[in-house]
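Heads up, the thing below is written out as structure tokens.
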Amino acid sequence: MANIELDGKTYPLSIVVGTEQEKAFDISNLRSQTGYITLDDGYGNTGSCQSKITFIDGEKGILRYRGIPIEELAEKSSFIETAYLLIYGSLPNQKQMTTFSDLLTEYQYIHEDMRYHFQGFPTGAHPMAILSAMINAASCFDDGLMHWRWGRGCQFERYAARLLSQVRTIAAFSYRKSGGLPMIYPRRSLKFTENFLHMMFSKPFEDFDMKPEVARALDLIFLLHADHEQNCSTATVRLVASSQANLFASASAGVCALWGPLHGGANQAVVEMLEEIHREGDDGSRFIAAAKDKTSGRRLMGFGHRVYRNYDPRARIIKGACDAVLAALNIDDPLLAIAKHLEEAALRDSYFVERKLYPNVDFYSGIIMRALSIPVEMFPVIFAIGRMPGWIANYREIMEDPKSRIYRPRQVYMGAPLNHYVPIEQRT
Ligand code: ACO
């Protein structure tokens, strides 16, 4: 128990202790007892829920899905197995895995009428805009989603598999549409990630040359993005879900939140930054100087994190994969050398050291995606496909919690005091 003293009175606050000894004061009754709220711009110090899905220790650089270290999953698991782990809480046995994979295969096609929606977008439209719109539009093609009520009979397993499977089809179609290319349909014989690559890169009557290193690297990127506790997009999904909106509507909002350059759009911003440095013949020092200057409007993209004050463990894995993929594909990308140089220089620089700014997951992932010939506008889309299991798991968690209430933060009003309407002719 902790006490808070206000105006000479003491109010007890109960303490919540997490599995890994994370501690929180429960302030949920503070306002009704004291008239005060807590103020925490950007929620940097606010726990919005109790969750059993993902654990992060930002100081130590630890990330675990359902208790399993990310390093073990990256080495031994696949994206789809990890998706099951996140959504259902434990690794699947063989029968559960087969049922899950069969459902993903069954739902890989989108409604044929949805193809006409794609035609309405201009060529060159950003695939994140198309993705978000089309995930939401998919609700209209299913009565179960249009009249969604969480609970027995809502067939969550089917809808979860459908969302996970169809997001990949919609994502690939978004890419084809934005480039003015003909749609390539999914194929039942292919696994999740191979199927995505097929829809992205096969041509009519000419199959994509599927290199196992490429499929494995992309699967790893999906896996490493699969969840990351209460980040901006997941918190958005939970917020929308708290109003009892359906699964697809909530995920579509997650895509919008993910799009911004400070979140899922950072991987695109990193490659654009590296390209600019390369184009200008800078060895990175000029860019680093600009990133440290608050008036320049620049930041070292792919560096820093709200939670990690240490090396992001996903960045470490991706950096290793980056070297392996480029070697396997025999690619010599000058951007990799620039990225490594930037990292070394920043990690020696007192500005970054003092602020504990380290590479995050986005710093090297873009270089792998470039090597796989994925265009930069698709980088946040790849992130969205990867993050889908985390959003689904968080959606399920909020829906299954009998204590869950609609998310409704408070504010401290700093605007004008009471004012009165003045007719237009009397206004100066
Ligand atoms: N380059 C230069 N300075 C930085 C950077 C950066 N990348 N990141 C943070 N800083 C500075 C801030 O200016 C601030 O300096 P100050 O204390 O002198 O004012 C200090 O470090 C603390 O930064 P905050 O803005 O408080 O960090 P916050 O937690 O709000 O933001 C964020 C985290 C958005 C990730 C930030 O580090 C950033 O903009 N990074 C670049 C974008 C990026 O890589 N985003 C991807 C994040 S990972 C993901 O979403 C998957």
Side-chain angles (χ1 to χ4, degrees), residues 40-46 54 56 58-59 61 63 65 70 128 220-237 254-274 276-277 282 284-319 335 338-339 342-369 376 379-391 394:
D40 180 18
D41 231 347
Y43 307 134
N45 204 42
T46 294
T54 288
I56 299 176
E59 276 72 31
L63 169 62
Y65 296 161
I70 192 69
M128 280 298 262
L220 178 68
I221 288 181
F222 287 151
L223 184 154
L224 293 175
H225 285 85
D227 194 40
H228 213 236
E229 54 121 294
Q230 302 312 312
N231 54 84
C232 176
S233 56
T234 303
T236 301
V237 169
V255 173
C256 292
L258 190 69
W259 192 359
L262 296 190
H263 190 16
N267 48 21
Q268 176 173 348
V270 169
V271 165
E272 286 165 356
M273 169 186 82
L274 295 173
E276 182 188 323
I277 293 173
D282 177 15
S285 3
R286 265 187 282 147
F287 198 94
I288 288 194
K292 293 192 293 185
D293 174 4
K294 301 279 191 270
T295 60
S296 73
R298 313 306 298 263
R299 278 193 168 195
L300 186 54
M301 300 311 286
F303 252 72
H305 199 276
R306 172 61 61 80
V307 177
Y308 292 118
R309 300 299 174 197
N310 201 325
Y311 214 103
D312 179 339
R314 303 166 300 172
R316 210 182 290 284
I317 298 168
I318 287 199
K319 187 178 176 187
L335 298 198
I338 295 177
L342 269 182
E343 180 191 336
E344 275 167 30
L347 294 183
R348 276 197 314 267
D349 190 305
S350 59
Y351 174 95
F352 294 90
V353 174
E354 278 159 20
R355 289 169 179 76
K356 298 189 176 157
L357 302 171
Y358 291 87
N360 60 49
V361 66
D362 294 314
F363 197 65
Y364 287 102
S365 61
I367 296 176
I368 297 193
M369 289 192 268
V376 281
F379 291 4
V381 174
I382 301 291
F383 193 155
I385 299 174
R387 185 52 54 86
M388 206 50 73
W391 290 344
N394 276 274

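Just follow the structure's listing: the first ligand is 1, and inside any ligand the first atom is 1. As the structure is a computational prediction, the values presented were derived from the model and not from experiment. Sequence positions, counted from 1, serve as the residue numbers for this chain.
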Qualifying salt bridge (Lys or Arg N to Asp or Glu O under 4.0 Å) pairs with a residue from residues 353-365, counting only residues at least two apart or across chains: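 Of all non-adjacent pairs touching residues 353-365, none passes salt bridge (Lys or Arg N to Asp or Glu O under 4.0 Å).
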Donor on one side chain, acceptor on other, Y364 and E343, under 3.5 Å: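 Yes, E343 and Y364 have a side-chain donor paired with an acceptor closer than 3.5 Å.
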Pair S365-N267, side-chain donor/acceptor within less than 3.5 Å: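 On atom types as modelled, these side chains do not qualify, holding no pair under 3.5 Å.
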Residues which pass ring-ring contact (aromatic ring centres under 6.0 Å, His included) with H225, listed by chain and number, not counting sequence neighbours: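 With sequence neighbours excluded, H225 shows a ring-ring contact (aromatic ring centres under 6.0 Å, His included) to F383, given in chain and number order.
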All salt bridge (charged side-chain N to carboxylate O under 4.0 Å, His left out) counterparts of R314, not counting sequence neighbours: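 Once residues adjacent in sequence are excluded, the partners of R314 under the salt bridge (charged side-chain N to carboxylate O under 4.0 Å, His left out) criterion are D312.
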Per-ligand residue contacts, ligand 1, heavy-atom threshold under 4.0 Å: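 Residues L262, H263, A266, A291, K294, R299, L300, M301, G302, F303, G304, H305, R306, Y351, R355, L357, N360, V361, D362, F383 each place a heavy atom under 4.0 Å from ligand 1, listed by chain and number.
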Geometric class of the H305/H228 ring pair [parallel <30°, tilted 30-60°, perpendicular >60°]: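 Perpendicular.
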